[in-house]
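Quick notes on the structure that follows.
Bear in mind that the values here come from a model prediction, so they are computed numbers and not experimental data. Values reported hereafter were calculated over all heavy atoms of this structure, with side chains retained and with hydrogens, waters and symmetry mates removed.
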Amino acid sequence: MTNVLEASDVAVHYGGVRAVDGISFALEEGRISGIIGPNGSGKSTLVAALTRLTHLTRGELSFAGARYESVRPASIASMGVARTFQTVRLLPDLTVAANVQLGHDARARRDRPRGRGLPAPVSQALDRTGLAEMAHVLPSELSYGTQRRVEIARAIVMAPKLLLLDEPTAGMNQSERRDISALLRQLRDEGLTQLLIEHDVQMMLDTCDHLFAMAQGRLLTEGRPADVVADARVQEAYLGKGWKAHAGDQ
Amino acid sequence: MLEINDLHVSYGHVEAVAGVDLSVRPGTVSLVLGPNGAGKSTTLNAVAGMVRPTSGSVRIDGADLTGLPAHRVVARGIALVPEGRRVFAPLSIEENLRLGGHTTKASRAREISDRVYEMFPVLHDRRRSAAGLLSGGEQQMLAFGRGLMSDPAYVLLDEPSMGLAPAMVDVVIEKVAVMAEAGIGVLMVEQNTEAGLEIASEVTVMSRGSVVFRGPSERVRSDPSVLRAFLGDAALSGPDSSAPVA
Amino acid sequence: MQELVATASLGSVYLLFALGLSAAWGTIGILNFAHGAIFVSASYACYELLAIQQLPVQVLAVIAVAVGALLSVVMQVLVFDQIRKRAKSERAAETRILIGGIGAAMIPVAIASHRTKNLAFGLQGSGFQASVWEFGGVRITSIQVVTVLCALGAATTLGWYLKRTRAGLALRSLGVDDQVAALMGIDRRRYAWATMAFAGGLAGLAGVLLTLNLGAISAESGDALLVKAFACVVLGGVGSTTGVVVGCMTLAASETWVLTQTSGMWVEAVSFGIIFVVLLLRPQGIFGRQEVRRV
Amino acid sequence: GGTAAGPGGAGPSSGDELPETVKVMVSVPLTGPAAFAGAEAEKGYELAAAEINESGFLGDGVTLEIDVRDTQASVQKAASDVTAAIADSEVTAVLGSLSSAEALAQSPIAEKQKMPIVYIQAGSPGVILGDYTYRFPTPMSSYYNILSEQIAKEGWTSIGMVYGAWVPTLKELGEVAIPEMAEELGIEVTSSVATQQTTQDFSAPIKQVLESDPDVVSILQIGPANATAMQQLRQAGFDGPVLGNSSAGANTLEPAGENGAGMIWPVDFAPGTDDPASIEFIEKYKTANNDEEPFPYAAEAYDATWFVAKAIEAAGSANRGAVKDAMVEMAGGTWTGALGSDLSFEENSLKVNGTVIEWDGTRENVLYSAN
Amino acid sequence: MSSVYDSNLVLIQSALVAVLLALSIQVPLRLGVFSLAGVGSYGIGAYVSANLVLRYELGSIPTMALSALAAAAVSFLLGVVIYRLAGLYLAMATIAFDLTVAVVALNGGEWTGGPVGLFGVFTDLTMGLLFAVVALCLVAVHVTEIGRLARRVTTVREDPELAASVGINVRAYRLTAFVVSGLVGGLAGCLNTLTRSAVGLQDVSFHLVVLALTTVIVGGALSWRGAVIGSVLFTWLPTALAFVGDWQELVYGAIVVLAAIFLPTGLYGAWCSARRQFAVSFVGRRREAAVRARLHQGNVDKEVAAS
Ligand SMILES: Nc1ncnc2c1ncn2[C@@H]1O[C@H](COP(=O)(O)OP(=O)(O)OP(=O)(O)O)[C@@H](O)[C@H]1O
Ligand SMILES: Nc1ncnc2c1ncn2[C@@H]1O[C@H](COP(=O)(O)OP(=O)(O)OP(=O)(O)O)[C@@H](O)[C@H]1O
Ligand SMILES: CC(C)C[C@H](N)C(=O)O
Ligand SMILES: [Mg+2]
Ligand SMILES: [Mg+2]
């Protein structure tokens with residue numbers, strides 16, 4: 001198995017805050033990797049570093065074997081990396097379809113195939129995220145959970161080699177999450193490598209092939225999801241009693 | 001008692017909430033469930049005065065608050081912790097909390113903020129830094145803490161556990177239970193159904209802007225199929241049926 | 001030495017004017033381009049009043065403050081509140097508020113210039129004559145002293161109020177997100193009116209003091225001051241009271257320096273060059289806070 | 001048709017007889033910063049037109065109609081007025097703006113499209129372009145040196161200046177006319193500070209000028225700035241004589257009160273004159289305007305209107321080309337009117353002798369007239 | 001007809017120039033760059049073109065090309081320098097730039113004619129060419145308002161970080177905004193000089209900044225059509241208001257205030273929403289209703305039911 005992305009000794013410090021503090025890891029091709037970790041442990045900052053949206057205090061990044069820690073953020077997309085944001089970032093004046101099309105624009109220069117219809121990949125992405133009926137609505141008219149689906153659709157339509165998802169299902173209920181989880185797995189089966197951040201441990205267990213646990217900007221442990229979740233340090237730092245009770249039920 | 005009667009809210013000619021009845025007794029937690037777009041947030045926003053209901057009424061102990069602007073609703077003892085955190089990004093954590101206590105006596109506000117810091121030590125560590133720099137979960141903690149600062153009689157929580165790590169979800173849920181014990185009426189929208197059900201005494205399920213099920217939470221806890229029965233058709237429609245995800 | 005006096009007095013005039021502008025902009029997010037018109041109108045109202053009734057300057061100052069405050073609140077109610085109510089987002093409202101202010105400014109200025117036939121007007125009807133003191137070759141007028149004291153007093157009070165009081169914090173929160181501020185129990189309108197009254201009052205005071213200081217102003221005098229005050233606020237950093245003070249004094253010092261050291265042809269170039277360079281080094285102004293933004 | 005600079009209208013056709021109405025357009029600022037001057041000028045235009053029509057100067061049954069338009073202090077509007085006049089085949093001539101910026105926009109259009117235009121005031125070089133453009137009177141800089149007499153008489157030997165470099169007329173005075181006059185008199189210019197349009201506080205430049213310790217200070221500003229500069233000059237401790245310019249007139253100095261007293265400046269026209277033609281105008285003006293005394297703008301406008309009327313009469317035609325020819329002829333001779341008697345033209349601008357006046361804190365007094 | 005055209009010729013020319021000046025502010029605005037440097041470019045274009053004609057006797061087309069390029073080059077350098085600034089800070093820095101150009105114009109000696117300016121700038125510019133040049137600019141801007149480019153422009157304005165994540169080089173877009181603003185602004189200044197045959201200090205002043213901004217905002221900030229509407233309106237307004245005499249400034253001000261309040265998206269925006277309203281209420285109501293109905297359907301919490 002080859003590694004799509006490798007990071008070595010990555011650190012991001014903001015003044016005295018060591019948001020990410022020396023992390024090395026690799027994302028294997030064709031797998032869904034997950035990151036769990038307490039709030040403020042540096043997960044989103046790590047994604048920002050991987051997508052060059054924040055500076056690196058130190059460390060090296062490589063994608064498909066090529067170093068990229070000093071390219072500009074806009075080149076990340078053409079490398080084949082797409083992402084969603086932890087907070088919904090949609091353009092309020094564009095319809096849902098146009099917001100999704102923005103992702104499509106990144107890879108296609110022609111945007112109107114025939115007539116006035118949407119390009120095939122766009123309609124497909126809308127279908128897969130359950131947004132087909134809402135294509136011509138403005139984001140402000142959607143509820144929070146539905147807005148998050150648009151974020152996901154915009155990322156997958158870019159047909160990336162690597163997809164980074166920062167809490168894509170926050171604000172969704174369990175069954176909606178299961179749908180998204182199924183979608184992600186299907187995408188994996190189609191060969192898409194993914195990095196998923198979620199606080200829903202059950203979902204992570206169901207979705208991920210590999211799990212990283214972070215705490216205080218460092219990697220606590222990594223491995224098979226069930227093993228990581230069973231790790232005492234992870235239980236201590238992250239899961240709390242609620243999970244134990246739930247795990248007992250199972 | 002907080003009573004919501006036949007509440008209707010429209011955005012333009014879309015009716016987001018179409019005749020919702022709800023009530024919250026002091027000292028209890030009332031849980032609202034429902035799919036995305038059901039109108040849960042809209043209901044809470046209408047109670048808090050963020051949007052104007054088109055008809056229906058909101059009362060506390062018989063006194064009418066329907067359509068009052070948000071700042072006057074706060075004065076009547078209702079606090080809303082809005083969806084999506086919405087902390088004052090450029091202001092410090094401390095200032096965010098002080099703003100939460102804008103209508104509270106200074107000494108009382110200090111007392112509450114001490115408790116918030118105790119609950120979320122990370123907020124205390126970073127109390128002078130700008131709220132906008134916090135991680136998503138940390139901001140959620142701050143938003144929750146800020147909501148407590150007004151020392152409300154009723155608190156409306158819109159997905160308080162969103163983005164929180166499991167251990168923090170426990171802290172928040174526990175805190176909500178404590179609040180209810182102290183006599184505060186809690187109206188909570190929560191996607192983390194299990195956690196919510198643990199402390200709720202009543203459950204309401206909304207779909208398409210109206211209430212489709214209401215009952216005591218024991219009934220749901222002991223027999224989950226009850227919920228499904230009440231959700232009926234709605235359970236079968238939605239993105240799942242029309243737009244296969246998997 | 002005399003340069004220092006000139007700087008302090010010019011800077012204080014800028015300051016009195018800029019403080020109000022900055023107070024409304026840095027808190028409730030209203031960059032009022034009618035501030036100059038309010039300033040002129042207050043002074044003009046005093047001038048009209050003097051034609052009817054002889055009044056001492058102290059009374060005139062009070063009247064100017066009242067007129068300025070009133071006009072400013074009227075603009076808030078009739079223009080800015082209305083724009084806010086209809087704008088989709090804060091950003092969309094920002095430019096419209098600018099334009100609304102520009103339009104609103106034309107109205108009182110048109111009245112004043114019609115009535116004065118575009119001629120200079122002054123407050124000599126008050127019979128006020130500034131005393132001139134001389135200390136070791138340095139000449140200071142009583143009006144200069146009063147202007148400096150008023151400006152510094154107002155700046156100190158404002159700075160303290162915004163930083164230390166509950167209301168000050170509430171005001172700052174309104175500038176960030178007024179919907180959530182309302183959820184905290186903050187009455188947006190009341191604060192907005194109070195702020196605008198304060199800003200307008202200061203503009204009125206500045207109007208009278210400047211008219212006495214210069215002897216005469218005309219209906220258009222507000223415009224030039226507006227650009228400079230805007231520059232001072234940006235230079236110092238929006239939302240920082242210390243910043244406004246520093247911004248005003250910096251601009252005044254550079255202007256005085258250029259005017260006294262050179263033939264004066266390049267004054268504007270030097271002062272705008274300074275603004276340019278400062279913004280390059282500190283994009284958020286000297287005392288401004290960096291925008292809080294994370295990815 | 002033609003180039004973008006405008007259409008080529010022919011104007012009233014040449015004939016042996018004048019039409020019943022001869023149309024002349026007036027385009028001056030009646031609003032904005034120069035409105036006070038425009039309003040005074042308007043009285044002059046109207047007084048002259050009334051007189052011309054009452055006396056039947058253009059012949060029996062021929063009336064001169066003046067169409068007054070406000071340039072609204074806008075250069076575009078001023079230019080568009082002239083284009084409109086050119087397009088209107090009934091308009092014979094234009095009485096152009098008194099502000100340099102507006103006149104500069106009007107002149108090329110008029111010259112190119114062959115429309116006679118007569119300005120007042122507008123003191124920039126580019127205003128007079130050729131045989132279609134005339135001005136009453138020459139710019140202030142051309143008669144400013146009549147102040148030499150006073151300077152020599154008082155024995156002043158040094159001068160310092162604070163001048164508004166953004167006004168063409170004042171820049172010309174500050175950088176050319178006064179230095180030349182000083183050189184001629186053998187006196188020293190000790191300091192010269194330029195101010196900008198946005199300068200409102202003059203204490204710094206005044207301080208710089210006073211440091212060089214001149215006998216006399218020259219304050220060259222527009223409108224309220226004159227009053228301010230005088231007040232600050234006095235507060236800075238200078239109580240000597242001050243040379244000004246004619247835009248300190250029209251009671252502009254009143255707000256400075258006592259501090260304004262002692263400023264002297266030359267004008268092309270002053271009510272205290274002893275020229276018989278001027279006195280005649282003053283009497284007529286007073287009768288028409290409740291005994292008010294005329295400002296120079298009214299006298300200039302009065303003469304400009306008469307200039308047009310006389311050209312039409314001499315041409316015996318309302319045709320623009322014919323009127324222009326008449327104007328060329330007249331500009332070669334002498335002129336007697338409100339501005340004085342037997343005056344000559346220089347490059348299509350009326351040369352005036354000038355009068356020196358002094359502001360005493362409440363009114364203007366004539367010190368002397370040049371001859 | 002032709003006499004109406006003739007007598008309004010100057011107004012038509014002014015409107016055409018105003019359209020370009022408005023575009024020079026609007027284009028950066030659409031990219032989220034609150035730059036008012038277009039007015040400085042206008043001044044540069046105005047003075048450069050006057051010199052090209054007076055000194056080198058160039059024809060109108062080379063004059064236009066060279067003065068637009070000169071302004072664009074300066075604007076580009078400005079962009080490189082102040083790229084980091086945002087919002088009203090950028091606005092202030094660009095105002096400072098404009099006023100600096102004004103100071104240079106005042107002190108430029110024989111190159112600028114100082115306060116007098118330069119005059120007698122006659123060329124072979126025809127109305128046809130003038131119309132053609134403006135139309136060309138409008139077409140070029142129109143291309144950025146449709147399809148892919150429009151979406152990308154919107155993204156750069158609304159959310160630069162999102163833009164980067166979908167592969168847009170934000171810096172390049174923003175610098176392009178400066179260049180385009182310089183080109184169009186410079187061209188506007190050049191055309192103003194060539195049509196009026198004179199240039200002076202009034203051609204680069206704060207007043208012009210205010211006018212251009214007002215034009216764009218009242219006309220509509222998000223489309224060239226807004227710039228056109230605004231320019232026509234503000235060019236004709238003074239003439240149209242002549243009948244109110246002395247009070248026209250007052251009426252003018254009131255109109256601007258009312259537009260700021262009641263037309264949150266400008267005149268063009270108001271026209272668009274009126275059209276949309278019409279479409280919704282008479283044509284698409286049924287379709288819209290169907291969409292809305294779908295919006296309300298969510299899926300159900302099967303997890304709860306199953307657990
Ligand atoms: N720009 C910044 N300046 C200062 N501190 C920052 C900045 N960005 C992030 N931090 C801090 O770095 C830490 C890591 O933040 P990050 O958002 O990566 O956490 P996270 O793991 O994504 O948390 P969550 O699960 O709550 O989203 C937090 O404590 C946060 O406050
Ligand atoms: N500002 C708005 N304009 C128009 N429609 C809106 C607006 N806000 C919400 N809606 C619509 O109202 C309905 C109810 O939305 P609401 O946000 O209350 O749902 P919700 O139950 O809170 O969903 P979620 O779980 O996703 O937060 C949705 O169909 C949504 O599309
Ligand atoms: C009215 C005057 C102040 C005009 C001035 N003489 C000029 O040339 O513009
Ligand atoms: Mg995060
Ligand atoms: Mg919601």
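A 4.5 Å side-chain heavy-atom check between A/R89 and E/E161 finds at least one atom pair inside the cut-off. A/R154 has its side chain within reach of E/L162: a pair of non-hydrogen atoms, C-beta onward, lies under 4.5 Å apart.
Remark: A/Y68 OH is packed, more than 12 non-hydrogen atoms of other residues, nucleotides or ligands lying under 6.0 Å away.
Contact of A/R52 with chain E is not made at all, since no heavy-atom distance falls under 4.5 Å. Neither the backbone nor the side chain of A/I76 comes within contact range of chain E; no heavy atoms are under 4.5 Å apart. At a 4.5 Å heavy-atom cutoff, the contact between A/P92 and chain E is made by side-chain atoms alone. Using a 4.5 Å cut-off between heavy atoms, A/A98 contacts chain E through both its backbone and its side chain.
Between E/E158 and A/D93, the shortest heavy-atom distance links the atoms OE2-OD2, 3.9 Å. The two residues E/S165 and A/M158 make their nearest non-hydrogen contact at O-CE, 3.5 Å. Residue A/G103 comes nearest to E/V166 through the heavy atom pair CA-CG1, 4.4 Å, listed as atom of the first residue, atom of the second, then distance.
Taking OG1 from E/T154 and CG from A/L102, the interatomic distance works out to 8.5 Å, rounded to the nearest 0.5 Å. Rounding to the nearest 0.5 angstrom, the gap separating the OG atom in A/S78 from the CD1 atom in E/I168 is 12.0 Å. Taking CZ of E/R151 as the reference point, atom NE2 of A/H104 lies at 8.0 Å (rounded to 0.5 Å). The OG1 atom of E/T155 sits 6.5 Å away from the CG atom of A/L94 when rounded to the nearest 0.5 Å.
Using modelled atom types, one side-chain atom of E/R148 and one backbone atom of A/D105 make a donor-acceptor pair closer than 3.5 Å.
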